[in-house]
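Just below is one structure, and these are the notes that go with it.
All values below come from the heavy atoms of this structure, side chains included, with hydrogens, waters and symmetry mates left out. Atoms within a ligand are numbered from 1 in the order they appear, just like the ligands themselves. Please read these numbers as outputs of a predicted model, since none were measured by experiment.
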Amino acid sequence: MINEVAKILRKARKVAILTGAGVSAESGIATFRDPDGLWAKFNPMELASMKGFMSNPQLVWEWYQYRRKIIANAQPNAGHYAIAEMEKMFDYFSLATQNVDRLHHRAGSTNVIELHGNIIENYCIKCGEYYRKEINVEDKSLPKCESCGGQIRPAVVWFGEMLPQEALTKAYDASQIAEVYFSIGTSAEVYPAADLPRHAKRNGAVLIEINPNQTALSGYVDFKIAEPSAVALPKLMKLLKEE
Ligand code: BJW
Ligand code: ZN
């Protein structure tokens, strides 16, 4: 299977990728919907929605501080590095991620499209201004906006919230342009991101999934590499370079 994918990639000029939490799993960052994932232990509506934040901002803030600590101590893995390498190999390349951890950036990827925001930054729920003071991950107290005194929240996209329009437009453009589209480490259950690989295939792309498990997309893809991304992606790079 991986040999066939390498063969297709050798001929391809335009490649796009969508990644999800599985890409960071081997960096020690928990996914959401796996049996040991975050949603097995925590309630998504309590922690990842505006309603949840309004009813218990302290709880939500502490949960984000806890995750920030894990992410700050994590390192990009071989999958992130392989993706960073890929962007130099094609005439057109686009990377969109649902991840908020910025590990793609830290691995050297440029122009990363962040569909669900990022966990590093924060903004005010009242005036929208970004909070520029440094956040100490050990500090449990809720910061307040320096301009208007409003509540500060993490710059991620919660359930029921619109994705950043520019990011979504760029990601849709990429899924339209790509000859080869990869869906890597995502359950492909959360919309609108989950529509991107489907849109790519509808527009003629060869659709490839890299994921050790079955997903909502597995029955629909052209090729499935059922391996962890930190294993499959370096293998693929090696095959491509061997030519
Ligand atoms: C490996 C691996 C390894 C393991 N290697 N792989 C009904 C139908 C359609 C849509 C909706 C609906 N009801 C509600 C909606 C909308 C909702 C939605 O899609 N819900 C579905 C769950 C049904 N979407 C939204 O609300 C979005 N906004 C929106 O639609 O706006 C328009 C609107 C406005 C107002 C009203 C209504 C609509 C926003 C979605 C925001 C998602 N936010 C989160 C939290 C972000 C912040 C944070 O991190 O704290 O984003 S939820 C969470 O899920 C996170 C992720 O980015 C996202 C996707 O998860 P992902 O990355 O796929 O992870 P997992 O865990 O699901 O999968 C991991 C995969 O990795 C697995 O497959 C493993 O097998 C694999 N894996 N190890 C490779 N080593
Ligand atoms: Zn404010």
Give a yes or no on whether the backbone of H105 and the side-chain of S109 come within a donor-acceptor separation of less than 3.5 Å. no

Relative to the heavy atoms of Y64, which atoms of ligand 1 are at a distance of less than 4.0 Å? 47 (C), 48 (C), 50 (O)

Nearest neighbour of atom 52 (S) of ligand 1 from the list F159, F32, Y191, on a heavy-atom basis: F159

Quick one: look up the protein heavy atom nearest atom 78 (N) of ligand 1 and list residue, atom name and how far away it is. A25 CB, 3.7 Å

For M45, does the CE atom have more than 12 heavy-atom neighbours from other residues, nucleotides or ligands under 6.0 Å away? yes

Is there a side-chain contact between I83 and I17, using heavy atoms and a 4.5 Å cut-off? yes

Between V157, N213, I29, I225, flag the one that comes closest to atom 43 (N) of ligand 1 by a heavy atom. V157

Are side-chain heavy atoms of P212 and E227 found at a separation under 4.5 Å? no

Please write down residue, atom name and distance for the protein heavy atom closest to atom 62 (O) of ligand 1. A21 N, 2.8 Å

Near P228 (heavy-atom distance under 4.0 Å), the atoms of ligand 1 are 3 (C), 5 (N), 80 (N)

CG/N77 to OG/S229 distance, rounded to the nearest 0.5 angstrom? 6.0 Å

Contact region, V156 to ligand 1, non-hydrogen atoms below 4.0 Å, reads side chain

Enumerate the atoms of ligand 1 whose separation from the nearest heavy atom of G160 is less than 4.0 angstrom. 25 (C), 26 (O), 34 (C), 35 (C), 36 (C)

Starting from atom 3 (C) of ligand 1, which protein heavy atom do you reach first, and at what distance in Å? G22 O, 3.2 Å

For the residue pair T97 / E114, report whether a side-chain donor-acceptor contact shorter than 3.5 Å exists. no

Ranking I184, L233, N211 by closest non-hydrogen atom to atom 76 (C) of ligand 1, top hit is N211

Per-atom contact, atom 37 (C) of ligand 1, protein heavy atoms, under 4.0 angstrom: no

Any N or O of N99 closer than 3.5 Å to N or O of ligand 1: no

Is Q58 reaching over with its side chain to a backbone N or O of S141, donor-acceptor style, under 3.5 angstrom? no

Contact summary for P143 and Q151, nearest pair of heavy atoms: O-NE2, 3.7 Å

Among R33, E209, E227, Q98, the residue with a heavy atom nearest to atom 60 (O) of ligand 1 is R33

G185-ligand 1 polar pair, N/O distance under 3.5 Å: yes

If you stand at the Zn ion (ligand 2) and look out to SG of C124 and SG of C145, what angle do those two lines make, to 10°? 110°

Considering only the protein, which heavy-atom contact is closest to atom 32 (C) of ligand 1, and what is its distance? M162 SD, 3.9 Å

For the Zn ion (ligand 2), angle spanned by C148 SG and C127 SG (nearest 10°) is 120°

Kindly identify the option in E161, R67, E189 whose heavy atom sits closest to atom 22 (C) of ligand 1. E189

So which of L217, T186, L115 gets nearest to atom 61 (P) of ligand 1, if we judge by its closest heavy atom? T186

To the nearest 0.5 Å, tell me how far L9 CG sits from M89 CE. 8.0 Å

For ligand 1, which atoms sit closer than 4.0 Å to a heavy atom of W158? 39 (C), 41 (C)

Looking at ligand 1, would G37 count as a contact under a 4.0 Å heavy-atom criterion? no

CD1 of I177 to NZ of K14: how many Å apart, nearest 0.5 Å? 7.0 Å

Heavy-atom nearest neighbour in the protein, as seen from atom 67 (O) of ligand 1, with distance rounded to 0.1 Å: S187 OG, 2.6 Å

Among all the protein's heavy atoms, is there at least one whose distance to atom 14 (C) of ligand 1 comes out below 4.0 Å? no

Run the side chain to side chain donor-acceptor pair (under 3.5 Å) check on S147 and E129 step by step: do they pass? CA-CA 8 Å; S147 307; E129 203 163 292; 2.7 Å; yes

Check against salt bridge (Lys or Arg N to Asp or Glu O under 4.0 Å), K11 and E179: CA-CA 10 Å; K11 291 194 201 122; E179 296 161 353; over 6 Å; no

Taking atom OH of Y130 as the centre, report whether more than 12 heavy atoms of other residues, nucleotides or ligands fall under 6.0 Å from it. yes

Any cation-pi pair here, R68 with W63, using under 6.0 Å and within 45°? no

Per-atom contacts, ligand 1 versus G20 - under 4.0 Å to a heavy atom: 62 (O)

Atom 7 (C) of ligand 1: protein heavy atom closer than 4.0 Å? no

Any heavy atom of S229 under 4.0 Å from ligand 1? The part involved is both

Please determine if K201 forms a cation-pi arrangement with Y220, meaning its NZ or CZ atom is less than 6.0 Å from the six-membered ring centre and no more than 45° off the ring axis. yes

Using a 4.5 Å cut-off on heavy atoms from C-beta on, say whether the side chain of I184 contacts that of N211. no

Taking non-hydrogen atoms only, is T215 closer than 4.0 angstrom to ligand 1 via side chain, backbone, both or neither? side chain

Which residue holds the protein heavy atom closest to atom 80 (N) of ligand 1, what is that atom called, and what is the gap in Å? E26 OE1, 2.9 Å

Looking only at N/O atoms, are H116 and ligand 1 under 3.5 Å apart anywhere? yes

Would K69 and E138 count as a salt bridge (Lys or Arg N to Asp or Glu O under 4.0 Å) here? Give the steps. CA-CA 8 Å; K69 219 183 306 178; E138 300 295 343; 3.4 Å; yes

Is there at least one pair of N or O atoms, one from V190 and one from ligand 1, spaced under 3.5 Å apart? no

Could you give me the CA-CA distance, side-chain angles and deciding distance for E121 and R153, then say whether salt bridge (Lys or Arg N to Asp or Glu O under 4.0 Å) is met? CA-CA 9 Å; E121 295 178 301; R153 59 162 285 179; over 6 Å; no

Distance from atom 79 (C) of ligand 1 to nearest protein heavy atom, with residue and atom: P212 CD, 3.4 Å

Quick one: which of V60, D34, V23, V100 has a heavy atom closest to atom 74 (C) of ligand 1? D34

